[in-house]
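The structure under discussion appears below in the form of structure tokens.
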Amino acid sequence: MKPESLPVFYLAGPTAVGKSAIALALAEQIGGEIVSVDSMQVYRGLDIGTAKPTPADRARVRHHLIDVIDLTSGFDASQFVRLAAAAVSDIQTRGRSAIFCGGTGLYFKAWCEGLHEIPPGDPQLRAELEATPLPVLLDELAARDRTTFETIDRRNPRRVVRAVEVIRLTGKPLSPQRTQRRTGAPEDQTGAARIVVFRRAPDDLRARINARVDAMFAAGLVEETRRLLTAGLGENRTAMQALGYRQVIEHVRGERGLAETIALVKLKTWQFARRQVTWFRHQTRTRWIDLETPDEAMSRVLHATGSAFGMPGSGWGVAGFL
RNA sequence: GGUGGGAUACCCAAGCGGCCAACGGGGGCAGACUGUAAAUCUGCUGGCUUAUGCCUACACUGGUUCGAAUCCAGUUCCCACCA
């Protein structure tokens with residue numbers, strides 16, 4: 001089979017639905033490799049709190065985009081797209097299928113729909129803009145790019161900062177730059193990407209999240225965080241906001257007790273899972289698969305998917321075969 | 001047993017005669033999102049044939065008043081101190 005015709009799979013869903021286990025099983029059955037779509041697993045060192053695949057898992061199936069950058073570096077959707085493109089061609093050269101699996105909606109979208117030709121964030125400029133009062137930034141935006149000013153979420157500092165940042169960096173208004181698509185996003189051309197999103201009943205998902213968080217603390221999340229803090233975690237804008245680490249940092253500083261922190265992490269993780277579902281529900285083309293409470297449901301899904309993979313031309317998602 | 005403080009919507013908490021279905025925060029629900037996204041931001045959150053309307057509501061009972069979550073009396077429960 002020609003590399004380009006090898007199927008690519010997209011598996012998504014909220015944290016702790018069980019997507020990784022399915023991706024792993026799928027990869028083994030079809031001889032595929034996994035491309036992690038996770039904004040935090042890219043960081044070296046963020047292991048326990050990101051539920052990173054274990055060394056054993058990684059020995060079973062080759063994983064990409066995990067541990068690719070240092071704790072002291074920044075990361076963004078554009079870098080994800082670039083690295084994912086390299087990973088996919090690498091995988092296909094080997095005659096294998098790429099299985100994208102993760103929960104970062106923006107990265108899925110950036111990959112499937114492409115990004116615009118605009119410059120990356122500039123740490124120094126960004127710091128300056130973030131220190132500027134929002135009304136001042138809005139004035140500048142209104143003066144230099146009326147269209148963006150009118151369409152942007154003016155109450156969200158992040159959006160405003162980025163818009164002004166691009167305008168200053170390029171010396172041009174942002175709106176025209178946002179009309180052109182970046183080429184090179186593989187799915188941009190085909191438009192065929194259809195993301196399979198796994199979901200579970202709320203009570204079920206919540207129980208799984210709670211169990212996972214308990215397991216993380218039992219596995220030494222607090223110790224890992226302490227270690228990472230001496231390695232620069234506190235200085236990393238992105239990694240420091242990771243669920244679990246963020247709350248544990250506060251705990252380590254003495255702001256909160258352990259039991260309370262564990263409960264908080266469970267809650268924040270649950271809220272995050274809800275946001276993920278909202279994102280996939282509205283922002284991407286998706287097929288949904290329910291994973292019910294009993295374990296039999298999972299194996300049923302596995303069997304149903306597994307039996308289809310021998311089929312030629314098996315396509316752009318798992319769901320089509322269920 | 002005595003004295004003082006307190007009981008407000010799912011939780012915390014403001015209000016202390018009308019502008020109160022009741023500030024604020026949390027939680028919940030819904031939503032936005034194109035280079036920080038496990039981030040950031042928004043709306044709604046007593047009930048009702050969704051209305052410048054009605055009903056039910058601020059521990060309970062009764063009272064004062066044109067009018068009470070707000071004042072008075074009694075009751076119950078909580079907390080603190082004294083015995």
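All values below come from the heavy atoms of this structure, side chains included, with hydrogens, waters and symmetry mates left out. Proteins get letters first, then strands, A, B, ... in listed order; numbering begins at 1 in each.
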Measuring to OP1 and OP2 of [N], would you say a side-chain N or O of [X] lies under 4.0 angstrom away?
{"X": "A/Ser39", "N": "B/A37", "value": "no"}
{"X": "A/Arg159", "N": "B/A39", "value": "no"}
{"X": "A/Thr278", "N": "B/A30", "value": "no"}
{"X": "A/His282", "N": "B/G31", "value": "yes"}
{"X": "A/Arg275", "N": "B/A37", "value": "no"}
{"X": "A/Arg155", "N": "B/U40", "value": "no"}
{"X": "A/Tyr107", "N": "B/A37", "value": "yes"}

Base-pairing assignment for [N] (Watson-Crick or G-U wobble, both under 3.5 Å):
{"N": "B/A9", "result": "none"}
{"N": "B/G74", "result": "B/C60"}
{"N": "B/U52", "result": "none"}
{"N": "B/A83", "result": "none"}
{"N": "B/A69", "result": "none"}
{"N": "B/C29", "result": "B/G43"}
{"N": "B/G35", "result": "none"}
{"N": "B/C20", "result": "none"}

Regarding [X], tell me which of base, sugar-phosphate or nothing describes its non-hydrogen contacts under 4.0 Å with the strands shown.
{"X": "A/Thr269", "answer": "nothing"}
{"X": "A/Arg246", "answer": "sugar-phosphate"}
{"X": "A/Gln271", "answer": "sugar-phosphate"}
{"X": "A/Phe75", "answer": "sugar-phosphate"}
{"X": "A/Gly49", "answer": "base"}
{"X": "A/Thr104", "answer": "sugar-phosphate"}

Look at the side chain of [X] and decide which nucleotide, out of [options], has an atom nearest to it.
{"X": "A/Leu243", "options": "B/U40, B/A39, B/G31", "answer": "B/A39"}
{"X": "A/Arg274", "options": "B/U40, B/G35, B/C29", "answer": "B/C29"}
{"X": "A/Glu113", "options": "B/A32, B/U34, B/G35", "answer": "B/U34"}
{"X": "A/Arg158", "options": "B/A37, B/U40, B/G35", "answer": "B/U40"}
{"X": "A/Glu130", "options": "B/U36, B/A38, B/G35", "answer": "B/U36"}
{"X": "A/Gln283", "options": "B/G35, B/A32, B/C33", "answer": "B/C33"}

*Applying side chain to side chain donor-acceptor pair (under 3.5 Å), run through A/Asp90 and A/Thr93 and close with a yes or a no.*
CA-CA 5 Å; A/Asp90 180 36; A/Thr93 308; 5.4 Å; no

Atom pair distance, as rounded to whole Å: [atom1] in [X] and [atom2] in [N]:
{"X": "A/Phe280", "N": "B/A37", "atom1": "CZ", "atom2": "P", "answer": "14 Å"}
{"X": "A/Leu125", "N": "B/G35", "atom1": "CG", "atom2": "C1'", "answer": "14 Å"}
{"X": "A/Lys268", "N": "B/A37", "atom1": "NZ", "atom2": "C1'", "answer": "15 Å"}
{"X": "A/Ile152", "N": "B/U40", "atom1": "CD1", "atom2": "P", "answer": "17 Å"}
{"X": "A/Glu165", "N": "B/U34", "atom1": "CD", "atom2": "P", "answer": "14 Å"}
{"X": "A/Asp153", "N": "B/U34", "atom1": "CG", "atom2": "P", "answer": "9 Å"}
{"X": "A/Ile249", "N": "B/A38", "atom1": "CD1", "atom2": "C1'", "answer": "13 Å"}
{"X": "A/Leu134", "N": "B/C41", "atom1": "CG", "atom2": "P", "answer": "11 Å"}

_Side-chain touch A/Arg206/A/Leu267, heavy atoms, less than 4.5 angstrom_ = yes

[atom1] spacing across the pair [N] / [M], given as an integer number of angstrom:
{"N": "B/A30", "M": "B/U76", "atom1": "C1'", "result": "41 Å"}
{"N": "B/U61", "M": "B/A51", "atom1": "P", "result": "34 Å"}
{"N": "B/C33", "M": "B/G27", "atom1": "P", "result": "23 Å"}
{"N": "B/C20", "M": "B/G53", "atom1": "P", "result": "14 Å"}
{"N": "B/G26", "M": "B/U40", "atom1": "P", "result": "13 Å"}
{"N": "B/G24", "M": "B/U45", "atom1": "C1'", "result": "15 Å"}
{"N": "B/A73", "M": "B/G5", "atom1": "P", "result": "12 Å"}
{"N": "B/G18", "M": "B/A22", "atom1": "C1'", "result": "13 Å"}

Between [Y] and [X], does any NZ, NE, NH1 or NH2 come within less than 4.0 Å of an OD or OE carboxylate oxygen?
{"X": "A/Asp153", "Y": "A/Arg158", "result": "no"}
{"X": "A/Asp145", "Y": "A/Arg178", "result": "no"}
{"X": "A/Glu165", "Y": "A/Arg162", "result": "yes"}
{"X": "A/Glu130", "Y": "A/Arg126", "result": "no"}
{"X": "A/Asp38", "Y": "A/Lys52", "result": "no"}
{"X": "A/Arg44", "Y": "A/Asp67", "result": "no"}

*Could you say whether A/Leu267 or A/Arg281 is positioned toward the 5' end of RNA chain B, judged by the nucleotide with the nearest heavy atom to each?*
A/Leu267

_Residue closer to the 5' end of RNA chain B, A/Trp270 versus A/Pro119 (nearest nucleotide)_ = A/Trp270

_Parallel, tilted or perpendicular: which one describes the rings of A/Tyr10 and A/Phe108, with boundaries at 30° and 60°?_
perpendicular

*Per the atom types in the model, does the base of B/A38 pair as donor or acceptor with the side chain of A/Asp38 at under 3.5 Å?*
yes

